[in-house]
Amino acid sequence: MQGLEIHELSVAIGETRLLKSVSLSVAPGEILGLVGESGSGKSMTALAVLGLLPHQARMTGTVTLDGAVISNASDAVLRRVRGSQIGIVFQEPMTALNPLMTIGDQVAETIRIHGRGGRAEARAAARSLLDRVGLPADRFPLDRYPHELSGGQRQRVAIAIAIALTPRLLIADEATTALDVTTQAQILGLLKQLVQEDGIGLILITHDLAVVAETADRVAVMKDGEVVEVAAASRIAGGMAHDYSRRLLAAATHVPDRRPGVQTDAPAVLSVEGVVREYPGAPRLFGKRPVLRAVDDVSFSIQPGESVGLVGESGCGKSTLLRTILALDPPQAGRVLVGGEDIGRARGADLLALRRRIQMVFQDPSGSFDPRWRVHQVIAENFNLSPDRPDPVAARRRVDAMLEQVGLASADGDKFAHEFSGGQRQRIAIARALITEPSIIVLDEAVSALDVSIRTQILDLLADLSARLSLAYLFVTHDLGVVRAVTDRLLVMQAGVIVESGSTAAVFAAPTHDYTRRLLAATPDLHRNIAALGRPDLLSNITEETTP
Amino acid sequence: MTDATSARVATRARLPVALVIGGLLTAVVIAMALVSFVWTPFDVTAIDIARRLSPPSAVHPFGTDPFGRDVLSMIMVGARNSLAVALVAVGIGLGVGAPLGLLAAARGGWIDETVMRTNDLIFAFPALLVAVMITAVAGPGALNAIIAIGIFNIPVFARVTRGAALSLWTREFILAARTAGKSKTEISLQHILPNLLNLLIVQAAIQFAMGIVAEAGLSYVGLGAQPPMPSWGRMLAEAQTLIGFAPWLAVMPGLAIVTIVLGLSLMGDGLRDLLDPRLRRER
C-alpha cells in the first residue's frame, strides 16, 4: 500500500476522547484537505501520525506509511520517520524557525541530522532547495536570517526544510492562515507544484473550506474527533452529504439578512478628510532621518446605517488609520470628523462626547479585556464617557440589559472574560461598544479569529443591531469573504493610499484597480466555486466520485 | 454543574505548597517578634555572669552569650528590629519606586529618561557603601539603616514596574480604556497597577528578604540598631570570635535569618500563583 493509511485511530487523554476511530488515506501525489472547527481533532490527527502526542495520551489503531506501520513505533524509528519521510509546516513561520540561525544553516541542518551528506553537500542541497521554493540566490543568499524575510518568505523556508529529505508525506497545519491572501495563493500554489513534481502526499489542515476547495483533491470533514465525511473537493461547493458538512458550508458562505438602512440624505457619521500619518523611520548616520508615510491623504465618509469595508494586506496602513480615526494618535494633516465635529481637536468633555459616538471592537478576543476585571466592570468602563454617570445599581442594570441584547445572560457579568469562548468574548466586546449608544462601530478584524459557525452568529448579530439601531460599521479586515457578505461599500487600501472605492457589489463584479484585481484573484472564493458548478466538466467530475 | 462546582471548591481550598510553608516560617518569626513585646523568657538586658556561655539547655533553649544573656530572648527582640527595618525599607521602595515606574511608562519622553537615568545613578553605587556613608554622616541607628536600604529599593521597584507597564501599554485592553476616555493616570491606576500587582508582590517579598540581610549586614559592621537593643547582625558579629567553643551564638541568629528569608521568598512565589486569576483557573 503506497501513501499514508490511517485505520481506526483513536486517541484519549484520561476520560476525554479526542479522536474517535479516524480512518483516512492519502495517496502519493494527492492533496487531502482536513477541515473542521477548533477542537475538532484536525491537529491532533497530525500529531498522532507524527507520534508527537502528549505523554499521557493513549492511542489505538494503526498508521502505515508506504506499508510500514509507524503507529506505536519506538522513538528512534519515529525520529527517522519525522523529517525524512514526513515533513511538517506549521502556522506561524516566525516561531517555527530559529531566529539565531541563518536560513541556509537551518535547511542544511535537517539534511545533516539525517546523515544525508557533509557540510558542503548539505549547503549545496540547501541552496537548490531554496531555489526550488522560490527564494533565488541573488536575493536570498544562504546567510539571511529569518527576521530579514517576510511572513510568506519564511513560510517558504519552512517548506524547504519540510521537503529537504524528499518526504513521502507533507503535513501543512494551517500553514497559510497567518498570511495575506496574495501570499497565501502563492504558498498554496507552491505546495501544489511540489506535490505534483515529487509525488508527495499532502495533508492540508485548515479551517477554511474555500482554501480546500481550490487546492485539495479530496476533503475530510472533522467534528468532535470524528471524520464525518470524506468527499471529492469538487463536491465542497454543493455536493456534500453529511449534515454537518453542509452546515459548515452554509456558515462559510453565509450572508446575513441585512435590511437596507443607509440614510444617504443624513449628515455623515464619520468623515475622514485628507488624513496623513507619518512615522519617523530608522535614523541614519548621515543625512535626515527618513519619514515613513503610513497613511497618505486618505478621505472617505460613512453615512448613518451604512456598512463600509476597508481591506488591504498587512502593513498597508489600516491599523494606523484606525488609531487616527479613534483619536488615539493625532494626524499630521487632514482631519477626522465624527458627526461633523473634529475629534482630533476636541478636548475634555467634547472629546468624551465624540468618543461616545465612535466605538471599537478589537481583533483579539482575549487581549482586549483587562484580565483582572469582571465583565460587568469591563462594559461599565465606557460609562466614563457619559456626562451623567449612572450610579452602580443603575449601571449594573444597563449592563445586564446590554448583555442580554447581545445574546448573553445577565449573570455572565460576574465572570471574567477568560471564562468565555472566543465568540462570547466578541459579544462582550460588542456590548462594551454598544453601551455608549454609538452611531458607528469600528471593527478591526473582529471576526477573523473565530470559527465559521461562530463568525456567522456574530455577523448576524451585527446585522440585526445595525437594522435596529441604524448603526454604521467600518469593517477593517483582510478577509474579502466577510466584506462581501456584510458591507455596502468597499475601500481598498495599498501602501497608505485608498486605491479603489465603490459599492461592494460593483467592486467585486468589475474591479478597476490592478491591485484590487490581484487581491480578488488570490482570494479563495466559495461563491465562485458554486457559480462554477454550472459548468458541465465539473459536474461530470462529481458524478464520477462515489460517496464513501 | 455540581461536578464543576465541587472542583472549584477543591481548587480554592488547595493553597500553593510554597505559600503554606513560606507563610508558616514567616509566621513563626513574626509571632516571636510580637510575643517579645509582652513576654520574653528572660530580660534581654539582664546580665548574669554566673550563667555566661551556657550551651543550649532546658532553661536556655538557645544558650547564653558571654554576658549570660538569654539568646532566645535576644533573637525574639531582634526579630522586631529586623522586621521593622525591612518592612519600612520595602515600603519606601514600593511607595516611591512603583509610582515612578508607572509615571515613566505612561509619559515616556524626557520624564522617562530622567526617572530611569536617576535610577541608573543610584544603582551605580554599591548599596552597603552608601549605607556606610549615610550612617557615617548621620550617625548609626535603626532609622538611618532604614533610609539607606529604602533608597536602594526605589530603583528596583521603578524598573520592574516600568518594564512590565510598558508591555501592558501596548495591549488592546489599554486601547479600549483609552477609547473609553480614561486619562493616563486613571489607566495607570485602574488597569496597569492591578495587572502588575503579582509582580510587585513577588518583588516585595524578595526585597523584604534582602532588606533583612542588609540590616543584618549593617548591624554586623556596627551601623544598625545600637546596644542595648539586640540585633541579629550584631549577635553574629559578637559570636565571631567565640565560634570555636560557643557555636550556638552564631548558629541561632543565623538560623533566624535563614528562616525569615526562606519563608518570605517561598511566600512570594506562592502569592504570585494565588493572585493570578488565570493561573488559579488552570490549577
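Reminder, nothing fancy here: chain letters follow the sequence lines and each chain counts from 1.
Only the side chain of A:L352 comes within less than 4.5 Å of a heavy atom in chain B; its backbone stays farther off. Only the backbone of A:F369 comes within contact range of chain B, with at least one heavy atom under 4.5 Å from a heavy atom of that chain. Residue B:I174: no heavy atom, backbone or side chain, is found under 4.5 Å from chain A. Only the side chain of A:Q359 has a heavy atom closer than 4.5 Å to any heavy atom of chain B. Heavy atoms of A:R356 lying under 4.5 Å from chain B are absent altogether.
Once rounded to the nearest 0.5 Å, the distance linking CD1 of A:I440 with CD1 of A:I302 reads 4.0 Å. If you take OG on A:S410 and CE on A:M402, they are separated by 13.5 Å, rounding to the nearest 0.5 Å.
Chain A is approached within less than 4.5 Å, heavy atom to heavy atom, by no residue from residues 95-102 of chain B.
Per-residue heavy-atom pair counts under 4.5 Å with chain A were compared for B:A177, B:S183, B:G181, and the maximum is reached by B:G181. Put simply, of A:L385, A:I358, A:D444, A:T436, the one with the most heavy-atom pairs under 4.5 Å next to chain B is A:L385.
For the salt bridge (Lys or Arg N to Asp or Glu O under 4.0 Å) test, residues two or more places apart in sequence or in another chain that qualify with A:D342 are A:R345. Residues forming a side-chain contact (heavy atoms from CB on, under 4.5 Å) with A:R396 (at least two apart in sequence, or on another chain): A:H376, A:D400, A:D414.
Side-chain contact check for A:V361 versus A:L462: every heavy-atom pair is 4.5 Å or farther apart.
Counted by atom type alone, A:Q377 and A:E381 present zero donor-acceptor pairs between their side chains at under 3.5 Å.
Using cut-offs of 30° and 60° for the angle between ring planes, the B:H191 and A:W373 rings count as parallel.
Listed by first and then second residue, the side-chain hydrogen bond (donor to acceptor under 3.5 Å, both in side chains) pairs that reach into residues 85-113 of chain B are B:D112-B:R162, B:E113-B:R117, sequence neighbours excluded.
Surrounding CD of A:E437 are at most 12 heavy atoms belonging to other residues, nucleotides or ligands under 6.0 Å away.
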